[in-house]
Peer 1: 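Here you go, one structure.
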Amino acid sequence: METKVTSVDNFMDNKNNYKQAVDILRDGDVVAFPTETVYGLGALATNEQAVQKIFKAKGRPSDNPLIVHIGTIEDVQKYASGITEDAEKLMTAFWPGPLTIVLHKTPGVIAPNVTPGVETVGIRMPDHPVALGLLRALGGPLAAPSANRSGKPSPTEAAHVHADLNGFIPLILDGGQTGVGVESTVLDMTVTPPAILRPGGVTREMIENVIGPVQMESKVVDDQAPRAPGMKYMHYAPSAPLFVIAPDEHEIRKAVAALQNEGEKVAVIGPDEFDIPDADWYFASGPLHDNEKMAANLYRALRQCDLTDANSILAVETDMTGVGAAVMNRLTKAADGKRYINKTK
Ligand code: TXA
Ligand code: MG
């Protein structure tokens, strides 16, 4: 299959681009498109065969539910029932935007393979002109996970989608680099108190300002099955082992030297200001403690590491303020929990 890439921006008449995408989607196939978080791989959420093509193209385990994207807030009523006042407050406050709200699903509307094994549905209205343009031209809901091969970092540029899915999907709508850079916050509103299943662009504090206290999933699961099934899979990982390291230039230089002594080639992902002259590669992730810039740059940096022949990656951690919690959540997963420990200490 040939994968076509079409540029879509605010300066052009995009009617034809959307028509092309809508024709493909109505025909039961998939299209990659930009959102404000990451690129998504969309299929009409009411078409089971079309949704199946998402799992196939991504190589994604099919027990992991997909987010349903809608083009107007009112559409949520079609797919979810028993929507609480608090849930409505969140929609008013954060939609369109990077918050996925898990609600009780209305039976028989969304295709069963969008929400395998659960009675709930995760819904969000993306804040991106191309995503909204596409959803409105389609006039239907799009089931869309991130448009990467399963296990790879989510794509923040059309080129990332192309690198992963060329030949597997018919069309990529190229809307440039995405803004937020990490996936949406997933908030389960069917439990009390509501539970953040995945941190993202809308922070815990922002949510609590609107509806009061929420819980973090990690505090409630323990030995139960994870409630966001995606959380049990290895995620966001580049090929070489990645270690999280503290933002200390001197320690990082020592770590690079120690690894190189063992014959490793070392890539470092770190703040713009740091000077690590001996690193084999250095990928800047934005100014130190600028968590929004780091969120926007992280997945590109992880992918850049994959284009090198580094056999160790050191990634400099940031603090947990704002979107920093989401950044550290993804970085910890990419590291599979590993931190760099200096053995000579
Ligand atoms: O920003 C985003 O959310 C991007 C863009 C494309 O919208 N999408 C995305 O989708 O990250 P995906 O499939 O890669 O991640 C969806 C996450 C998974 O961890 C999944 O388990 C969880 O949301 N999820 C979806 N529906 C759920 C439900 N009904 N109950 C619990 N978790 C759910
Ligand atoms: Mg994903």
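Quick caveat: nothing in here was measured; it's all calculated off a predicted structure. For the numbers below, each heavy atom of this structure counts, side chains included, while hydrogens, waters and symmetry mates do not. All residue numbers refer to positions in the sequence shown, counting from 1.
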Peer 1: How about Thr106 and Ser81: does a side-chain donor come under 3.5 Å of a side-chain acceptor?
Peer 2: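 Per modelled atom types, Thr106 and Ser81 side chains form a pair under 3.5 Å.
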Peer 1: Any heavy-atom pair between the side chains of Val182 and Val38 that's under 4.5 Å?
Peer 2: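 Heavy-atom side-chain distance check fails, nothing below 4.5 Å.
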Peer 1: Does any N or O in the side chain of Lys293 come within less than 3.5 Å of the main-chain N or O of Pro271, such that one atom is a donor and the other an acceptor?
Peer 2: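 No; zero donor-acceptor contacts below 3.5 Å.
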Peer 1: Please give me the minimum heavy-atom distance between Lys265 and Asn311, naming the atom from each residue.
Peer 2: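 Result for this residue pair: N-OD1, 2.6 Å.
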Peer 1: So, Asn291 and Thr318: side-chain donor and acceptor under 3.5 Å apart, yes or no?
Peer 2: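 Present: a donor and an acceptor within the cut-off.
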Peer 1: Say you draw a straight line from CD1 of Ile196 to CG of Asn329; how long is it, rounded to the nearest 0.5 Å?
Peer 2: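 These two atoms lie 11.0 Å from each other.
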Peer 1: If we only count heavy atoms from C-beta on, is the Ile252 to His250 side-chain gap below 4.5 Å?
Peer 2: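 In short, these two side chains do not touch, never coming nearer than 4.5 Å.
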Peer 1: Take Thr185 and Thr100 through the test side chain to side chain contact (heavy atoms under 4.5 Å, CB included) and record every step on the way to the result.
Peer 2: CA-CA 6 Å; Thr185 306; Thr100 295; over 6 Å; no
Peer 1: State the CG-CZ distance between Leu41 and Arg149, to the nearest 0.5 angstrom.
Peer 2: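 These two atoms lie 11.0 Å from each other.
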Peer 1: Side chain of Glu249, backbone of Asp275: donor and acceptor closer than 3.5 Å?
Peer 2: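 Answer holds: yes.
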Peer 1: Please say yes or no: joined through hydrophobic side-chain contacts below 4.5 Å, possibly via intermediate residues, are Ile169 and Val51 part of one cluster?
Peer 2: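 They do share one cluster, since a chain of ILVMFWY contacts under 4.5 Å joins Ile169 to Val51.
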Peer 1: Any salt bridge between Arg339 and Glu317, counting N to O under 4.0 Å?
Peer 2: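 Here Arg339 pairs with Glu317 in a salt bridge, since their nearest N and O are under 4.0 Å apart.
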Peer 1: Do Phe283 and Leu302 have side chains that get closer than 4.5 Å, going by heavy atoms?
Peer 2: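 No, every pair of side-chain atoms sits at 4.5 Å or beyond.
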Peer 1: Examine distances only and state if a side-chain atom of Asn17 and a backbone atom of Ser7 form a donor-acceptor pair shorter than 3.5 Å.
Peer 2: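 Flag set: sc Asn17 to bb Ser7 pair under 3.5 Å.
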Peer 1: Among Glu183, Lys152, Glu157, which residue satisfies the side-chain hydrogen bond (donor to acceptor under 3.5 Å, both in side chains) criterion with Tyr299?
Peer 2: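 So the option named by the test is Glu183.
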Peer 1: Do Leu135 and Ile70 come close enough that some side-chain heavy atom pair is under 4.5 Å?
Peer 2: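 No - every pair of side-chain heavy atoms lies 4.5 Å or more apart.
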Peer 1: Would you say His69's side chain and Leu142's backbone share a donor-acceptor pair under 3.5 angstrom?
Peer 2: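 Checking the backbone N and O of Leu142 against the side chain of His69, a donor-acceptor pair under 3.5 Å is found.
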Peer 1: Ignoring hydrogens and geometry, is there a side-chain-to-backbone donor-acceptor pair from Arg26 to Leu138 under 3.5 Å?
Peer 2: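 Side chain of Arg26 to backbone of Leu138, a donor-acceptor pair under 3.5 Å: yes, one is there.
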Peer 1: Check Gly59 against Ser150 and note the closest heavy-atom contact, atom names and distance.
Peer 2: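 Closest approach of Gly59 to Ser150, heavy atoms only: O-CB, 3.2 Å.
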Peer 1: Starting from the C-alpha separation in whole Å, work towards a yes-or-no answer on side chain to side chain contact (heavy atoms under 4.5 Å, CB included) for Thr321 and Glu205.
Peer 2: CA-CA 10 Å; Thr321 55; Glu205 192 189 9; over 6 Å; no
Peer 1: Under a 3.5 Å threshold, yes or no: a donor from one side chain and an acceptor from the other, between Thr37 and Arg124?
Peer 2: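 Yes, because at least one side-chain N or O of Thr37 sits under 3.5 Å from a partner of the opposite role on Arg124.
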Peer 1: Classify the side-chain pair Asn166/Glu2 by whether it contains a donor and acceptor separated by less than 3.5 Å.
Peer 2: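 No.
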Peer 1: Over all heavy atoms of both residues, which pair between Val268 and Ala279 is shortest? Give the atoms and the distance, please.
Peer 2: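 Val268 and Ala279 have their closest heavy atoms at CG2-CB, 3.8 Å.
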Peer 1: Please determine whether side chain to side chain contact (heavy atoms under 4.5 Å, CB included) holds for the pair Leu314 and Val266, giving the CA-CA distance in whole Å, both sets of side-chain angles, and the decisive distance to 0.1 Å.
Peer 2: CA-CA 7 Å; Leu314 296 171; Val266 187; 4.0 Å; yes
Peer 1: Side-chain contact, heavy-atom cut-off 4.5 Å: Tyr39 with Thr156?
Peer 2: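 No, their side chains stay 4.5 Å or more apart.
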Peer 1: Near Lys89 NZ, under 6.0 Å, is it more than 12 heavy atoms from other residues, nucleotides or ligands?
Peer 2: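 Above 12, so yes.
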Peer 1: Can Lys78 and Asp75 be counted as an ion pair, charged N to O under 4.0 angstrom?
Peer 2: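 Yes, charged N to carboxylate O under 4.0 Å.
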Peer 1: Would you give the length of the straight line joining atom CD of Gln49 to atom CG of Leu44, rounded to the nearest 0.5 angstrom?
Peer 2: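 If we round to the nearest 0.5 Å, Gln49:CD and Leu44:CG are 11.5 Å apart.
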Peer 1: Going from CD1 on Ile24 to CG on Leu173, what distance comes out if it is rounded to the nearest 0.5 angstrom?
Peer 2: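 One gets 8.5 Å once the value is rounded to the nearest 0.5 Å.
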Peer 1: Do Met91 and Ile123 land in one hydrophobic cluster if side-chain heavy atoms of ILVMFWY residues count as linked below 4.5 Å?
Peer 2: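 Both belong to a single hydrophobic cluster.
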Peer 1: Using a strict threshold of under 4.0 Å (side-chain N to carboxylate O), is an ion pair present between Asp278 and Arg253?
Peer 2: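 Judged by the 4.0 Å cut-off on N to carboxylate O distance, Arg253 and Asp278 do not form a salt bridge.
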Peer 1: Decide whether Leu298 and Tyr282 are clustered together by the hydrophobic rule: side chain heavy atoms of Ile, Leu, Val, Met, Phe, Trp, Tyr closer than 4.5 Å, transitively.
Peer 2: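 The answer is no; the residues belong to distinct hydrophobic clusters.
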Peer 1: Closest approach of Ala295 and Val323, non-hydrogen atoms and distance?
Peer 2: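 Nearest pair, atom of Ala295 first, then Val323: CB-CG1, 4.0 Å.
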Peer 1: Grab the two heavy atoms, one from Ile101 and one from Met189, that are nearest each other, plus how far apart they are.
Peer 2: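 Minimum heavy-atom contact is CG2-CG, 3.5 Å.
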Peer 1: Are Asn148 and His160 close enough that a side-chain donor and a side-chain acceptor fall under 3.5 Å?
Peer 2: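 The answer is no; no qualifying pair exists.
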Peer 1: Would you say Asp248's side chain and Glu251's backbone share a donor-acceptor pair under 3.5 angstrom?
Peer 2: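 Pair found, side chain donor or acceptor close to backbone of Glu251.
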Peer 1: Rounded to the nearest 0.5 Å, what separation is found between the NZ atom of Lys338 and the OG1 atom of Thr332?
Peer 2: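 Rounded to the nearest 0.5 Å, the NZ-OG1 separation comes to 11.0 Å.
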Peer 1: With no hydrogens and no angle check, just 3.5 Å: does a side-chain donor-acceptor pair link Ser239 and Asp306?
Peer 2: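 The criterion, which ignores hydrogens and geometry beyond distance, is satisfied for Asp306 and Ser239.
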Peer 1: Do Val109 and Ile67 belong to the same hydrophobic cluster, where Ile, Leu, Val, Met, Phe, Trp and Tyr are linked whenever their side-chain heavy atoms lie under 4.5 Å apart, directly or via other members?
Peer 2: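 Val109 does not cluster with Ile67.
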Peer 1: Does a sphere of radius 6.0 Å around CD in Glu292 hold more than 12 heavy atoms from other residues, nucleotides or ligands, not counting ones at 6.0 Å or beyond?
Peer 2: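 No, not enclosed.
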Peer 1: Specify the closest pair of heavy atoms between Gly286 and Asn297, including all atoms of both residues, with the distance to one decimal.
Peer 2: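 Between these two residues, the closest heavy atoms are N-ND2, 3.9 Å.
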Peer 1: Starting from the C-alpha separation in whole Å, work towards a yes-or-no answer on side-chain hydrogen bond (donor to acceptor under 3.5 Å, both in side chains) for Thr115 and Lys105.
Peer 2: CA-CA 9 Å; Thr115 55; Lys105 79 177 152 190; 2.5 Å; yes
Peer 1: Measure the shortest side-chain to side-chain distance between Leu165 and Thr3 over non-hydrogen atoms and say whether it is less than 4.5 angstrom.
Peer 2: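 Not in contact.
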Peer 1: Does any part of the side chain of Lys4, heavy atoms only, come nearer than 4.5 Å to the side chain of Ile172, both counted from C-beta?
Peer 2: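 No - every pair of side-chain heavy atoms lies 4.5 Å or more apart.
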Peer 1: Under 3.5 Å, side chain of Glu36 to main-chain N/O of Gly179, donor-acceptor pair present?
Peer 2: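 It does not hold such a pair.
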Peer 1: Contact between Pro194 and Asp188 at the side-chain level, heavy atoms closer than 4.5 Å - yes or no?
Peer 2: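 In short, these two side chains do not touch, never coming nearer than 4.5 Å.
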Peer 1: Hey, quick one: are Ile276 and Leu242 part of the same hydrophobic cluster, counting side-chain heavy atoms closer than 4.5 Å, chains of contacts allowed?
Peer 2: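 Looking at the clustering, Leu242 is in a separate group from Ile276.
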Peer 1: Is a donor on one side and an acceptor on the other found under 3.5 Å between the side chain of Glu208 and the backbone of Val214?
Peer 2: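 Yes: the side chain of Glu208 pairs with the backbone of Val214.
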Peer 1: To the nearest 0.5 Å, tell me how far Leu66 CG sits from Ile110 CD1.
Peer 2: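 Reported value, rounded in 0.5 Å steps: 10.5 Å.
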Peer 1: I would like to know whether Leu103 and Thr120 meet side chain to side chain contact (heavy atoms under 4.5 Å, CB included); could you show each step before the answer?
Peer 2: CA-CA 5 Å; Leu103 300 161; Thr120 56; over 6 Å; no
Peer 1: State whether the side chain of Arg198 and the backbone N or O of Ser184 hold a donor-acceptor pair below 3.5 Å, judged by distance alone.
Peer 2: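 Checking the backbone N and O of Ser184 against the side chain of Arg198, a donor-acceptor pair under 3.5 Å is found.
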